[in-house]
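Everything on this sheet refers to the single structure shown next.
Along the sequence shown, residues carry numbers from 1.
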Amino acid sequence: MVIVMYENLKDLAIILAAAELFGLVARKLKLPQVVGQILAGLLVGPILGWASNTSYIQIFAEVGVVLLMFSAGLETNLKTLVKTGPVAVFMAFMGVLMPLIFGTIIGYFWYGVEAIGTAKFFQAVFIGVIMTATSVSITVQTLKELGKVDTELGTTIVSAAIVDDVIGIMVLSIVLGAAGGSDEPIGMVILKTVLFFVASGCFGFLLYKLFSWIDKRWPHRRRIVILSIVFCFALSYVAEKVFGVAEITGAFIAGVILCNIEDSEYVDRRVNIGSYMFFGPLFFASIGLKTDLSSMTFGLLAFSGLFIVAAIAGKIVGCGFAAKVTKHTWKESLIAGVGMMTRGEVALVVTQKGLDSGLVKPEYFAPVILLIIVSSVITPILLKLLFSDKKQKEEVS
């Protein structure tokens, strides 16, 4: 046990050092730091074998993504969130529908065309289901670095990504239920998801009043930060355990509930200290650590290429179309599509569900990991280029 602990500490030291170094290099190259941190995990893990993706590391990584989403919620402008709500829901719906269609078409021809309702049909549909997931964490961190997370467009993207995962989970449940791979009725999954948001709205208002009272009585104190973090973890747990909603959604909602207390910025700064220096880098590096290309064949590599292109195009087309229809400019529509195309832990969870139900073979984890790596690296770069170009045009005009 002591030896294992020593090994974990060694891994922590290597990962953090590499993430910091590569993050600094990325910043020097005018790239978002998360790009360097993801590549750092890829280098010290699968390529060099200096660190392992242990459960110990994954626990810290999970805490990192929860705190990141909590911070995003704290930085949300509630009025803007309410204003962009309908647009975000439409964008999320299209961001699920188009990848689902694209992925099903690829899976349909890859597995072989068969009648609707057969095993190969559900295997093909599940390829599309995997593509529906969006990882908001990388986009959020990039938007935070660019100072765009609290803008109308930034809030719309973050909100759409949250709703996207909710819709994606519903689609997952429906497909698993239809294929005989889910123990819970489809209607119950949808009902529990709706109940979560209703309960969050009702109890959230009461908790907001309680935190506002505590904040006014003891402003700028450590207790308000500690209680806020406790609330974040508690709601994350309740979301996942009781309602079956992703814990990152619970963390984001917790931040939104507290975003209007007087000390929200103070709480956000304190939360970001641990998140920025320790938990965040571990989370982004863990994406690179998960990569395993040992089972890659030429055929699987070809499928991976189609899979990645379809997954990325599905989000850009679907979300970009929704943004354009809702009277955004072409540039803003492209930014919305790019901001929604990252994949992360949710895609892995969905793939694992498919593996457990027999709808996905183990070797198909490799294309999913490649999609996560590719989308995680190019999304921050494209967002920075698009926002920079947008800013330059605004200055010229």
**Prompt:** Can you find a heavy atom in the side chain of R221 that is under 4.5 Å from one in the side chain of I214?
**Reply:** no
**Asked** Between S52 and I57, does a side chain to side chain contact (heavy atoms under 4.5 Å, CB included) hold up when you go through it step by step?
**Response** CA-CA 8 Å; S52 303; I57 299 297; over 6 Å; no
**Request:** For R343 and A311, indicate whether the former's side chain and the latter's backbone hold a donor-acceptor pair under 3.5 Å.
**Result:** yes
**Message:** For a 4.5 angstrom cut-off between non-hydrogen side-chain atoms, does M341 reach I378?
**Reply:** yes
**Request:** Decide yes or no on side chain to side chain contact (heavy atoms under 4.5 Å, CB included) for Y266 and I261, but give the supporting numbers first.
**Result:** CA-CA 10 Å; Y266 173 76; I261 65 172; over 6 Å; no
**Request:** Answer whether the closest heavy-atom distance between the side chains of L258 and S264 falls below 4.5 Å.
**Result:** no
**Prompt:** Would L97 and V309 show up in the same hydrophobic cluster when neighbours are defined by side-chain heavy atoms closer than 4.5 Å?
**Reply:** no
**Message:** Rounded to the nearest 0.5 Å, what separates atom CG in L386 from atom CD1 in I381?
**Reply:** 12.0 Å
**Prompt:** Would a 4.5 Å heavy-atom cut-off, applied to side chains only, mark V87 and H328 as touching?
**Reply:** yes
**Prompt:** So, T155 side chain and E152 main chain: donor-acceptor pair closer than 3.5 Å or not?
**Reply:** no
**Prompt:** Do any N or O atoms from the side chain of T151 and from the backbone of K148 form a donor-acceptor pair under 3.5 angstrom?
**Reply:** yes
**F93, CZ: over 12 other non-hydrogen atoms inside 6.0 angstrom** = no
**Asked** Going through the distances and angles, do F70 and F233 end up as a side chain to side chain contact (heavy atoms under 4.5 Å, CB included)?
**Response** CA-CA 9 Å; F70 180 54; F233 288 149; over 6 Å; no
**Request:** Would you give the length of the straight line joining atom OG1 of T54 to atom CD1 of I59, rounded to the nearest 0.5 angstrom?
**Result:** 8.5 Å
**Complete:** Between P281 and A19, the two heavy atoms sitting closest are CB-CB, 4.0 Å
**Request:** Apply side chain to side chain contact (heavy atoms under 4.5 Å, CB included) to the pair I335 and K331, showing each step before the final yes or no.
**Result:** CA-CA 6 Å; I335 290 174; K331 178 67 69 175; 4.2 Å; yes
**Prompt:** Which heavy-atom pair separates C259 from G73 by the least distance, and what is that distance?
**Reply:** CB-O, 3.4 Å
**Item:** Smallest separation among heavy atoms of A18 and V44, with atom names
**Value:** CB-CG1, 3.6 Å
**Prompt:** Looking at CZ of F307 and CD1 of I127, how far apart are the two atoms once the value is rounded to the nearest 0.5 Å?
**Reply:** 6.0 Å
**Message:** With clusters defined by side-chain heavy atoms of hydrophobic residues (ILVMFWY) lying less than 4.5 Å apart, directly or transitively, does L9 cluster with L16?
**Reply:** yes
**Prompt:** F109 and L301: same hydrophobic cluster, using ILVMFWY side-chain contacts below 4.5 Å?
**Reply:** yes
**Message:** Tell me every residue that passes ring-ring contact (aromatic ring centres under 6.0 Å, His included) with F243, counting only those two or more places apart in sequence or in another chain.
**Reply:** F196
**Asked** Can you tell me if D215 uses its side chain to pair, donor with acceptor, with the backbone of D263 under 3.5 Å?
**Response** yes
**Asked** Donor-acceptor pair, K315 side chain versus G337 backbone, under 3.5 Å?
**Response** no
**Complete:** In this structure, CG of L43 is separated from CG of L48 (nearest 0.5 Å) by 4.0 Å
**Message:** Testing the basics here: between A285 and I15, what is the closest heavy-atom pair and its distance to 0.1 Å?
**Reply:** CB-CG2, 3.6 Å
**Prompt:** Transitively linked via ILVMFWY side-chain contacts under 4.5 Å: V66 with Y237?
**Reply:** yes
**Message:** Under a 3.5 Å distance rule, please check whether E332 uses its side chain to pair with a backbone N or O of T329 as donor and acceptor.
**Reply:** yes
**Request:** Flag the pair F303 / I106 as yes when at least one side-chain heavy-atom distance between them is below 4.5 Å, and no otherwise.
**Result:** yes
**Request:** Would you indicate whether the side-chain heavy atoms of F197 and I253 approach each other to under 4.5 Å?
**Result:** yes
**Request:** Check for a donor-acceptor pair, side chain of N53 on one end and backbone N or O of L289 on the other, with a separation under 3.5 Å.
**Result:** no
**Item:** Any side-chain heavy-atom pair of F283 and V63 under 4.5 Å
**Value:** no
**Prompt:** Would you find a donor on one side and an acceptor on the other, under 3.5 Å apart, between the side chain of S375 and the backbone of T342?
**Reply:** no
**Item:** Test item: K216 side-chain N/O and E262 main-chain N/O as donor-acceptor pair under 3.5 Å
**Value:** no
**Distance in Å, F252 CZ paired with L74 CG, rounded so as to fall on 0.5 Å steps** = 10.0 Å
**Prompt:** Which pair of non-hydrogen atoms, one from S304 and one from P367, has the smallest distance, and what is that distance?
**Reply:** OG-CG, 3.3 Å
**Asked** Is any side-chain heavy atom of I257 closer than 4.5 Å to a side-chain heavy atom of F211?
**Response** no
**Request:** Identify, with sequence neighbours excluded, every residue that meets ring-ring contact (aromatic ring centres under 6.0 Å, His included) alongside F278.
**Result:** F60
**Message:** Which residues pass the side-chain contact (heavy atoms from CB on, under 4.5 Å) test with K324, not counting sequence neighbours?
**Reply:** W330, S333
**Item:** Polar contact flag, side-chain donor to acceptor under 3.5 angstrom, S71-K144
**Value:** yes
**Message:** So for atom CH2, which belongs to W50, do other residues, nucleotides or ligands contribute more than 12 heavy atoms lying within a distance under 6.0 Å?
**Reply:** no
**Approximate separation, where rounding is to 0.5 Å, of L210 CG and L227 CG** = 8.5 Å
**Message:** For a quick test of reading the model, state the closest non-hydrogen atom pair linking A322 to M94 and the distance between them.
**Reply:** CB-CG, 4.0 Å
**same_hphob_cluster(L24, L282) at 4.5 Å side-chain heavy-atom cutoff** = no
